[in-house]
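Computation of the quantities below employed the complete heavy-atom set of this structure, encompassing side-chain atoms and omitting hydrogens, waters and symmetry-equivalent molecules. Numbering of residues begins at 1 and proceeds along the displayed sequence.
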Amino acid sequence: MKITLVVVGKIKEKFFVEAIQEYEKRLSRYCKLEILQVADEKTPDKASEAQECQIKELEGQRIWAQIKDGAYVIALAIKGQMASSEELAEKLQQLGLCGKSHVVFIIGGSLGLSETVLKRADEQLSFSCMTFPHQLMRVILLEQIYRSFRIMAGEPYHK
């Protein structure tokens, strides 16, 4: 299975970079992992709602330019469906069984994702009602993908 993360913005903090590299290494035995970064837009101080929508649309266009036809797309969104680790593992396993060998996860920038991106995604996944920095969300998502593959393989994982 191929897993792609399409993410907005670059990681600047060394500790996030190291955590991401660790999960890339761990996941290499289970799947082909690809992380594609798209540029984020500068958000002016006290941006209007219209400006924020325009920024999200521009970032959304960059995101969709990276997504190949036939991929199953899961957008991370606060209002998305919540799932346990076991349910995420089951979802990935079912997608593989149904011939969806390429799964794309989208993480938006600091403003989130545009309505266009959310509507075009095959589904929306929420990790919490809380807001997390998008840099940290990459680490959390990679950890959950790694945990999912461990669950699917019947290997022990920390509960």
Quiz item: Is there side-chain contact between E123 and Y72, with at least one heavy-atom pair below 4.5 Å?
Solution: yes
Quiz item: Got a second to check how far I145's CD1 is from I140's CD1, nearest 0.5 Å?
Solution: 12.0 Å
Quiz prompt | Salt-bridge contact E41-R62 (side-chain N to carboxylate O under 4.0 Å) | solution = yes
Exercise. Apply side-chain contact (heavy atoms from CB on, under 4.5 Å) to I67 and I106, showing your working.
Key: CA-CA 10 Å; I67 298 174; I106 299 173; 3.7 Å; yes
Quiz prompt | E24 atom CD, neighbour heavy-atom count above 12 within 6.0 Å | solution = yes
Practice problem: Taking all heavy atoms of S126 and all of I78, pick out the closest pair and write down the distance. | Solution: OG-O, 3.0 Å
Practice problem: Any chance you could measure K25, atom NZ, to L27, atom CG, to the nearest 0.5 Å? | Solution: 12.0 Å
Quiz item: According to a 4.5 Å side-chain heavy-atom criterion applied to Ile, Leu, Val, Met, Phe, Trp and Tyr, with indirect links allowed, do I20 and Y146 form part of one hydrophobic cluster?
Solution: yes
Quiz item: Is the CD atom of E155 crowded by more than 12 outside heavy atoms at less than 6.0 Å?
Solution: yes
Quiz item: Between atom NE2 of H134 and atom CD1 of I107, what is the distance when rounded to the nearest 0.5 Å?
Solution: 9.0 Å
Self-check item: Closest non-hydrogen atom pair between L36 and Q66, with its separation
Solution: CD1-OE1, 3.7 Å
Exercise. Examine F132 and L142 and state if one hydrophobic cluster contains both, with Ile, Leu, Val, Met, Phe, Trp and Tyr joined whenever side-chain heavy atoms are less than 4.5 Å apart.
Key: yes
Practice problem: Determine whether I3 and I151 fall in the same hydrophobic cluster, where Ile, Leu, Val, Met, Phe, Trp and Tyr are linked whenever their side-chain heavy atoms lie under 4.5 Å apart. | Solution: no
Quiz prompt | Stepwise side-chain contact (heavy atoms from CB on, under 4.5 Å) test for E90 and S148 | solution = CA-CA 8 Å; E90 176 68 21; S148 292; over 6 Å; no
Quiz item: Is it true that R120 and E115 have a side-chain N and a carboxylate O under 4.0 angstrom from each other?
Solution: no
Quiz item: Is there a donor-acceptor pair closer than 3.5 Å between any side-chain N or O of R150 and the backbone N or O of P156?
Solution: yes
Quiz prompt | Atom of P44, atom of K42 and distance for their closest heavy-atom approach | solution = CD-O, 3.6 Å
Quiz item: Would the number of heavy atoms belonging to other residues, nucleotides or ligands and lying under 6.0 Å from NZ of K2 be above 12?
Solution: yes
Quiz item: How long is the span from the CE atom in M152 to the CG atom in L88, to the nearest 0.5 Å?
Solution: 8.0 Å
Practice problem: Write down the atom of V117, the atom of G60, and the distance for their closest heavy-atom approach. | Solution: CG2-CA, 3.5 Å
Self-check item: Student check: side-chain heavy atoms of V7 and V38 closer than 4.5 Å
Solution: no
Practice problem: Is it possible for you to say whether V6 and L95 belong to one hydrophobic cluster, with membership spreading through side-chain heavy-atom contacts below 4.5 Å? | Solution: no
Practice problem: Please check if the side chain of D122 supplies one atom and the backbone of V73 the other of a donor-acceptor pair under 3.5 Å. | Solution: yes
Quiz prompt | K91/E87 ion pair, N-O < 4.0 Å | solution = no
Quiz item: If we only count heavy atoms from C-beta on, is the F105 to L141 side-chain gap below 4.5 Å?
Solution: yes
Quiz item: Is there a side-chain contact between E13 and V17, using heavy atoms and a 4.5 Å cut-off?
Solution: no
Quiz item: Step by step, would you call L5 with E34 a side-chain contact (heavy atoms from CB on, under 4.5 Å)?
Solution: CA-CA 6 Å; L5 273 59; E34 174 181 46; over 6 Å; no
Practice problem: May I ask you to check whether over 12 heavy atoms, not counting those of E18, lie within 6.0 Å of atom CD? | Solution: yes
Quiz prompt | Within 6.0 angstrom of M130 CE, more than 12 heavy atoms from elsewhere | solution = no
Quiz prompt | From CD (Q93) to CD (E86), nearest 0.5 Å | solution = 12.5 Å
Exercise. Identify the two heavy atoms, one from A77 and one from L118, that lie closest to each other, and give their separation to 0.1 Å.
Key: CB-CD2, 3.7 Å
Exercise. State the CG-CG distance between D40 and L111, to the nearest 0.5 angstrom.
Key: 9.5 Å
Self-check item: R147 and E143 ion-paired at < 4.0 Å
Solution: yes
Quiz item: Under the 3.5 angstrom rule, does the side chain of E59 hit a backbone N or O of K56 as a donor-acceptor pair?
Solution: no
Practice problem: Locate the shortest heavy-atom distance separating S114 from E57; write the atom from each residue and the value. | Solution: CB-OE2, 3.3 Å
Quiz item: According to the interplanar angle, ranging from 0 to 90°, do the rings of F149 and Y30 count as parallel (below 30°), tilted (30 to 60°) or perpendicular (above 60°)?
Solution: parallel
Quiz item: Quick one: do the Q21 and R26 side chains pair a donor with an acceptor below 3.5 Å?
Solution: no
Quiz item: If Ile, Leu, Val, Met, Phe, Trp and Tyr residues are connected whenever their side-chain heavy atoms lie under 4.5 Å apart, and connections chain through other members, are L113 and F127 in the same group?
Solution: no
Quiz item: Do V104 and H102 have side chains that get closer than 4.5 Å, going by heavy atoms?
Solution: yes
